[in-house]
Amino acid sequence: MRSKVNPGVEPKAHSPRNHRTVHSESSRNVGLSPPLVSNGAGNYEGIQKSPNRPLRIMKFGGTSVADAACIQRVVEIIRAAARESDIVVVVSAMSGVTNKLIEAAVQSERGNRDAVARIFTELRKQHRAAVTALIESDTQRNSIGQQMEELFREGERFCEGTMLLHELTPRVRDAVSSLGERLSAPLLAAVLYESELPSQCVEATELVVTDSYHGGAEPWMDLTRERSIARLEPLIQQGVVPVVTGFIGATEDGVLTTLGRGGSDYSATVLGTALDADEVIIWTDVDGLLTADPRLVPDARLVSEISYREAAELAYFGAKVLHPKTLHPVMQQGIPLSIRNTFAPEKLGTKISAVGCANGGGVTALAAVTEAALITIGGPGLRGVQDVLGRTFATTTAVRADVLLISQSSSQNDICLVVSSLHAKRTLEALRHEFSHDLAHEKVEHMTLDATVAIVTVVGQQVRAMSRTSRIFGALGQENVDVIAIAHGASACNLSLVVARKDVKAALIAAHREFQLSELASAMFSVSDSGKPVSWAYESERTGSDAD
Ligand code: ADP
Ligand code: ASP
Ligand code: MG
């Protein structure tokens, strides 16, 4: 069993990385594709390796690699961490790139050749500017430039095909939208190389094996574990930092898939679990998990510690800082997850673990799904329809629409369910198909969609037990916010309310004030004596001090 060198990392319930045996032959023979790794001339500082080094997965989001200056910061963070840990980096596309790629794919389907060309011109400009600013060596610059150009051409070919067919298939949509990560990962690996940190870009298609559900594929952990260990372990043993494309996976046959928007967080925890890492760190553009979305609640404060359960509820109910499935893999294995700020790396951020932080049964944070849709199935004949709930759930599962909330009237005349707006149309179509016979025979009288709602969720370790319902009703009432539906009880730690979308901000602000989250969050804040991050210290750009 490896001893921990990092006091900031909680011991896990299982034995850490006992499968990470040293494969001396394969380590020596590992193929390092030039020019992104050490040239063997020994001119690297190298990563100090010891048998006791913890393994950290560090994921950098789009804003963290938005431009050359941001990428330079990321390199410094990786360099500092690599002094004491083995590191696997997971990287998102540069900020805005995935949106642009999806737009290009959509415009291709519509036959808008000029719009597609414009988008690719912008993308080339954005990436070339970063290469020019960050890579000094001509050879390296040409090599990475060529690699990127091949990817742009690949994307353009996919768009050409889409234009010819007038059809954007889910598979092609994934192929195009994944290009952002396939561009940013080699770029970051090349910059690390320039900074004398041996590194190699690894495409997640080699590691993350998924089912074939394009646009929201689910990883298969056993195969993913096998492939990740086989591919990454030798690199780590050699002191090479793998830079893995987030967001992406592939079916067993090698067809590229994506894990859903914002999926790089999930990539990081999937890989962390596959490699039995000691910690996963999500590096982003805010100080950590906050008591509410700071764009909607300006008073939002940092939550310094939180339990997996609470964080999972917040992610599921719209806290964009974490992809909804991020917590699933790590909570099963007890791997700690941190959220930290790339632009203030000296701060501790949020630590997510099994225990979290007791706050006397109070509310920890709020989340909101601002784009939700309420589907109502109803009519007096509904009582006579066989297995309505079972069929409803089977239908939503088939179209992979998470039901955020469901309620059935006691007379069984109506069922209403709330799904994300993203899934609303296809859920309604699928339900209409499933109940078509009952609709035709007027057993189901109506099936309607209200696309103007939002869900506000209150999360705390014992929200249910402490019955926060009356307080939140009171607070929203004062702001004239009507509650359309409420779900209370499915989970001990959440309470969800459906409100009109126009009211979501007012509802969040009122609830934040009612539960005094600005004050409570700062009371929970626990910093080490020195005030420095407990896991390791960074050379803060702000103070210029070497805090190591
Ligand atoms: P990244 O590009 O690093 O993946 P995201 O934009 O996906 O970053 O997520 C970070 C953003 O999530 C923050 O800038 C913030 O606006 C938003 N956000 C929403 N809810 C929360 C919350 N509870 N805590 C922190 N950030 C939140
Ligand atoms: N680039 C992808 C997206 O924008 C994945 C991610 O950023 O996590 O959805
Ligand atoms: Mg994100």
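Note that ligands are numbered from 1 as they come in the structure, with each ligand's atoms numbered from 1 the same way.
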Nearest-contact summary for [atom] - protein heavy atom, Å:
atom	answer
atom 4 (O) of ligand 1	Lys59 NZ, 3.0 Å
atom 16 (O) of ligand 1	Arg295 NE, 3.1 Å
atom 21 (C) of ligand 1	Asp293 CA, 3.8 Å

Quiz item: Ser338 versus Glu279: any side-chain heavy-atom pair under 4.5 Å?
Solution: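 With C-beta onward as the side chain, the pair touches.
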
Which atoms from ligand 1 have a heavy atom of [X] less than 4.0 Å away?
X	result
Leu289	24 (N)
Thr284	1 (P), 3 (O), 8 (O), 10 (C)
Gly288	24 (N), 25 (C)

Relative to ligand 1, is [X] under 4.0 angstrom through side chain, backbone, both or neither, heavy atoms considered?
X	value
Thr63	both
Lys320	both
Arg301	neither
Ala292	backbone

Quiz prompt | Counterpart residues, salt bridge (Lys or Arg N to Asp or Glu O under 4.0 Å), relative to Arg157 (two or more places apart) | solution = none

Practice problem: Please say whether more than 12 non-hydrogen atoms of neighbouring residues, nucleotides or ligands are located less than 6.0 Å from CD in Glu479. | Solution: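 Counting neighbours around CD of Glu479, more than 12 heavy atoms of other residues, nucleotides or ligands fall under 6.0 Å, so yes.
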
Quiz item: So with a 6.0 Å cut-off around CZ of Arg501, is the heavy-atom count from everything else above 12?
Solution: yes

Quiz item: Polar-atom distance check: Gly62 versus ligand 2, any N or O pair below 3.5 Å?
Solution: no

Exercise. Please determine if Lys59 has a nitrogen or oxygen closer than 3.5 Å to a nitrogen or oxygen of ligand 2.
Key: no

Quiz item: For Ile87 and Ala81, which heavy atoms make the closest approach, and how far apart are they?
Solution: CD1-CB, 3.6 Å

Practice problem: For Glu122, enumerate each residue passing the side-chain contact (heavy atoms from CB on, under 4.5 Å) test, keeping only those at least two apart in sequence or located in another chain. | Solution: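 With neighbours one apart ignored, the set is Lys100.
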
Exercise. On the 0 to 90° scale, with breaks at 30° and 60°, tag the His127-Phe152 ring pair as parallel, tilted or perpendicular.
Key: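 Ring orientation, 0 to 90° scale: perpendicular.
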
Practice problem: If the plane angle is over 60° it's perpendicular, under 30° parallel, otherwise tilted; pick one for His328 and Tyr266. | Solution: perpendicular

Practice problem: Please check if the side chain of Arg128 supplies one atom and the backbone of Gly145 the other of a donor-acceptor pair under 3.5 Å. | Solution: no

Self-check item: Contacting atoms of ligand 2, where contact means under 4.0 angstrom from a heavy atom of Ser92
Solution: 6 (C), 7 (O), 8 (O)

Self-check item: Atoms in ligand 2 with a heavy atom of Arg261 nearer than 4.0 Å
Solution: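 So the answer, numbered in order with elements, is 3 (C), 4 (O), 9 (O).
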
Quiz prompt | Part of His323 within contact of ligand 2 (heavy atoms, under 4.0 Å) | solution =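 Neither; no heavy atom under 4.0 Å.
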
Quiz item: Within the structure, does Leu290 bring an N/O atom to less than 3.5 angstrom of an N/O atom in ligand 1?
Solution: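 Yes.
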
Exercise. Please confirm whether Asp285 comes within less than 3.5 Å of ligand 1 when only nitrogen or oxygen atoms on both sides are compared.
Key: yes

Self-check item: Options Val321, Val297, Val65, Thr291, ranked by nearest heavy atom to atom 26 (N) of ligand 1, top entry
Solution: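 Among Val321, Val297, Val65, Thr291, the closest heavy atom to atom 26 (N) of ligand 1 comes from Val321.
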
Quiz prompt | Sub-4.0 Å heavy-atom approach of Ser64 to ligand 1 | solution =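 For ligand 1, residue contact (heavy atoms, under 4.0 Å) with Ser64 is absent.
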
Quiz item: Is the closest heavy-atom distance from Gly246 to ligand 2 below 4.0 Å?
Solution: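 In this structure, Gly246 fails to qualify as a contact of ligand 2 - no heavy atom is under 4.0 Å.
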
Quiz item: Between Arg73 and Phe343, is NZ or CZ placed under 6.0 angstrom from the six-membered ring centre and within 45° of the ring axis?
Solution: no

Quiz item: Step by step, would you call Glu310 with Thr364 a side-chain hydrogen bond (donor to acceptor under 3.5 Å, both in side chains)?
Solution: CA-CA 8 Å; Glu310 292 167 285; Thr364 307; 2.5 Å; yes

